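First up is the structure itself, then whatever we jot down about it.
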Protein chains: 2
Amino acid sequence: MPDYPVGAVRTNLRIVAALSSRTDAGVTELATELDLSKGSVHNHLTTLERLGVVVAEDGRYRLGLRLLDVGMQVRDGMELYQTARSPLAELASSTNESTALVVAEHGDAVYADVCDAARNDRRVRLGTRLPLHTTAAGKAVLAQYSLDEVEAYVETDGLQRRTNRTITDAASLRDELRTITDRRLAYDRGEAFTGMRAVAAPVRLPDHPPAAISVLGPGERFSGKRLEEDLPGLVISAANQIELTLTD
Amino acid sequence: MPDYPVGAVRTNLRIVAALSSRTDAGVTELATELDLSKGSVHNHLTTLERLGVVVAEDGRYRLGLRLLDVGMQVRDGMELYQTARSPLAELASSTNESTALVVAEHGDAVYADVCDAARNDRRVRLGTRLPLHTTAAGKAVLAQYSLDEVEAYVETDGLQRRTNRTITDAASLRDELRTITDRRLAYDRGEAFTGMRAVAAPVRLPDHPPAAISVLGPGERFSGKRLEEDLPGLVISAANQIELTLTD
DNA sequence: AAAAACCGTTCACTATCGCTAAACACCTCG
DNA sequence: CGAGGTGTTTAGCGATAGTGAACGGTTTTT
């Protein structure tokens with residue numbers, strides 16, 4: 001079996017991906033970048049335009065907001081999001097920091113909800129995807145995996161480095177995951193973004209994929225007793241609240 | 001030329017649309033609904049799964065959050081959004097109501113940003129699409145169209161009714177658009193959702209498609225002097241601020 | 001002001017591949 | 001145990017996605 005049974009869909013999504021990283025693009029530009037013929041790119045673009053995904057303007061093309069609508073619809077349909085919503089908002093106001101709900105998907109930690117206590121730093125926003133092992137919430141999710149699943153993750157995705165503090169050693173990762181399981185708490189000390197820290201608690205639910213919630217912010221505010229005691233207590237109790245409302 | 005040069009993309013997006021309206025789905029279920037063979041649906045689903053758009057679980061399939069990421073990326077890339085962000089937030093806090101940034105796309109009013117003063121009513125969220133003529137902001141956008149463009153909109157999209165107050169008559173629409181242009185202000189008195197009102201101001205920018213910002217909320221709070229004077233003043237001055245920062 | 005160079009669009013062609021229908025493997029029932 | 005569900009796989013054919021070249025338009029170069 002070929003890797004992609006419907007090859008045209010792959011081509012199409014390659015075009016969408018190329019468009020998503022720029023404000024707009026021309027046919028030739030995309031054709032050369034993706035190594036396709038101009039005619040083919042043109043066909044895909046007109047198809048996407050007819051379907052309302054792409055907007056054509058003066059012979060140039062850009063992605064519209066249709067995919068945002070679909071994505072938001074998916075997110076709103078998540079039972080976990082619905083119940084985590086208000087606990088997450090309360091956690092944000094009680095800590096006066098940004099909070100997030102994270103689920104695992106295809107080896108990524110995906111931010112399914114983000115509450116900004118105030119100005120967000122724009123590095124983590126709704127929908128952001130980061131390698132699981134580089135974030136507090138991601139590690140809290142990994143800690144719920146079986147040893148085989150963790151190994152499979154390390155094998156397929158690799159322990160990609162993002163900062164000089166990122167865990168890139170499989171043994172260290174296993175050690176940390178054990179600690180996380182024991183203490184029900186995960187830390188991120190600048191492992192995804194330099195200078196950014198986070199505290200996360202796993203959210204375990206029957207018949208649900210593993211998830212986690214986290215509090216994140218600049219390193220200056222995340223230290224001492226606040227980092228070691230205050231934030232952990234608030235995060236864990238919020239996680240408890242979510243688990244309880246969803247297991248009744 | 002056929003309507004969709006790359007037919008497989010159309011099939012694929014039909015499957016995505018079907019998936020987006022439910023939590024998950026099976027192959028047979030989708031095949032019967034879309035009038036496709038099981039094998040074809042299966043091919044599309046495995047392709048989407050390999051590409052990270054769909055998540056397979058126990059032989060059932062659901063949309064993942066990849067499209068949300070793409071959609072948010074598109075939104076964040078919009079220059080208008082970036083500059084409207086803080087004025088919109090300020091407008092939300094000064095009115096203590098929800099505010100929105102709306103752009104037109106394929107005949108829809110699309111909510112490119114939504115600030116919730118408090119609990120949102122969930123009927124309008126980020127990415128929501130409504131017919132242009134049914135919302136205050138949408139009408140503020142239509143008022144920037146030429147007469148031909150308005151006629152084209154009425155012709156292709158039709159004046160679909162959403163509530164008993166929706167404008168469904170082309171002549172009434174033209175009259176109202178003229179008033180909106182003159183006063184630089186558009187109202188929605190329950191034309192999209194019964195009991196929901198809004199005040200909107202057009203945002204005109206050179207080299208940018210027409211846009212608008214609006215304040216929206218329950219009808220009880222939107223009446224009298226507040227509706228006729230206070231809110232209009234605040235909305236228009238916010239629109240001014242956006243236009244000025246973007247035309248320098 | 002030519003003309004060269006670029007663009008997006010269109011066209012004819014063909015090897016590919018998307019789609020169908022049927023068979024298959026697996027599961028859960030009564 | 002078989003009957004009726006799944007999701008998956010297969011064989012095969014007809015449609016089509018992609019190519020490469022040509023077309024008309026605009027912009028840039030000379």
Side-chain angles (χ1 to χ4, degrees), chain A residues 1-64 74 105-106 206-207 209, chain B residues 1-64 105-106 152 206-207 209:
Chain A
M1 176 174 40
D3 279 1
Y4 303 99
V6 186
V9 171
R10 186 181 109 92
T11 305
N12 191 67
L13 281 185
R14 290 213 301 146
I15 292 175
V16 168
L19 279 175
S20 75
S21 58
R22 60 196 92 200
T23 54
D24 62 355
V27 173
T28 311
E29 184 183 347
L30 292 173
T32 54
E33 173 173 328
L34 303 174
D35 203 38
L36 291 167
S37 70
K38 286 199 293 178
S40 183
V41 170
H42 184 259
N43 281 340
H44 278 275
L45 287 174
T46 52
T47 304
L48 285 171
E49 205 273 336
R50 298 256 166 83
L51 291 165
V53 175
V54 150
V55 178
E57 231 168 8
D58 304 327
R60 291 187 69 77
Y61 296 86
R62 61 178 171 83
L63 281 180
V74 171
E105 201 179 284
H106 284 288
D207 302 325
Chain B
M1 175 173 42
D3 279 0
Y4 304 98
V6 186
V9 170
R10 186 182 109 92
T11 305
N12 190 69
L13 280 187
R14 289 212 302 144
I15 292 176
V16 168
L19 279 175
S20 75
S21 60
R22 59 196 95 199
T23 53
D24 62 356
V27 172
T28 311
E29 183 183 348
L30 292 174
T32 54
E33 172 173 329
L34 303 175
D35 203 40
L36 290 167
S37 70
K38 285 199 293 178
S40 183
V41 171
H42 184 260
N43 281 341
H44 278 274
L45 288 174
T46 52
T47 305
L48 285 171
E49 205 273 335
R50 297 258 167 80
L51 291 165
V53 175
V54 150
V55 178
E57 231 169 9
D58 304 327
R60 290 187 71 78
Y61 294 87
R62 61 179 172 82
L63 281 180
E105 200 178 285
H106 284 288
D207 302 326

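FYI, side chains are in, hydrogens and waters are out, and symmetry mates aren't considered; it's all heavy atoms of this structure. Predicted, not measured: the structure shown is a model, and the values here were computed from it. First the proteins, then the strands, lettered A, B, ... as listed; each starts at 1.
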Treating A/His106 as the side-chain partner and B/Val54 as the backbone partner, does any N or O pair qualify as donor plus acceptor under 3.5 Å?
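Checking the backbone N and O of B/Val54 against the side chain of A/His106, a donor-acceptor pair under 3.5 Å is found.
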
Between the side chain of A/Arg22 and the main-chain N/O of A/Ala18, is any donor-acceptor distance below 3.5 Å?
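Checking the backbone N and O of A/Ala18 against the side chain of A/Arg22, a donor-acceptor pair under 3.5 Å is found.
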
Distance check needed: [N] [atom2] versus [X] [atom1], whole Å only.
X       : N      : atom1 : atom2 : value
B/Leu45 : D/dT6  : CG    : C1'   : 14 Å
A/Leu30 : D/dG18 : CG    : C1'   : 16 Å
B/Asp24 : D/dG7  : CG    : C1'   : 14 Å
A/Arg60 : D/dT27 : CZ    : P     : 14 Å
A/Arg62 : C/dG8  : CZ    : C1'   : 18 Å

What's the spacing between A/His42 NE2 and A/Thr47 OG1 if we round to 0.5 Å?
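Rounded to the nearest 0.5 Å, the NE2-OG1 separation comes out at 9.5 Å.
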
Closer than 4.0 Å, any side-chain N/O of A/His42 to the OP1 or OP2 of C/dG8?
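Checking A/His42 against C/dG8: no side-chain N or O falls below 4.0 Å of OP1 or OP2.
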
Would you say a side-chain N or O of B/Tyr61 is under 4.0 Å from OP1 or OP2 of D/dT8?
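Checking D/dT8 against B/Tyr61, a side-chain N or O does come within under 4.0 Å of OP1 or OP2.
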
So, do B/Val9 and B/Tyr4 sit near enough that their side-chain heavy atoms are less than 4.5 Å apart?
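Result no, sub-4.5 Å side-chain heavy-atom pair not found.
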
So do the side chains of B/Leu45 and B/Leu19 get within less than 4.5 Å of each other, counting heavy atoms only?
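Counting from C-beta outward, B/Leu45 and B/Leu19 do come under 4.5 Å.
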
Contacts of B/Arg14 that satisfy salt bridge (Lys or Arg N to Asp or Glu O under 4.0 Å) - sequence neighbours left out
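None.
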
Got a list of protein N/O to nucleotides 11-21 of chain C N/O distances below 3.5 Å?
unit_1 : atom_1 : unit_2  : atom_2 : d
C/dG18 : OP1    : A/Gly7  : N      : 2.6
C/dG18 : OP1    : A/Ala8  : N      : 3.4
C/dG18 : OP2    : A/Pro5  : O      : 2.1
C/dC19 : OP1    : B/Thr11 : OG1    : 3.2
C/dC19 : OP2    : B/Ser40 : OG     : 3.3
C/dC19 : OP2    : B/His44 : NE2    : 2.6
C/dC19 : O5'    : B/Ser40 : OG     : 3.4
C/dT20 : OP2    : B/Ser37 : N      : 2.8
C/dT20 : OP2    : B/Ser37 : OG     : 2.8

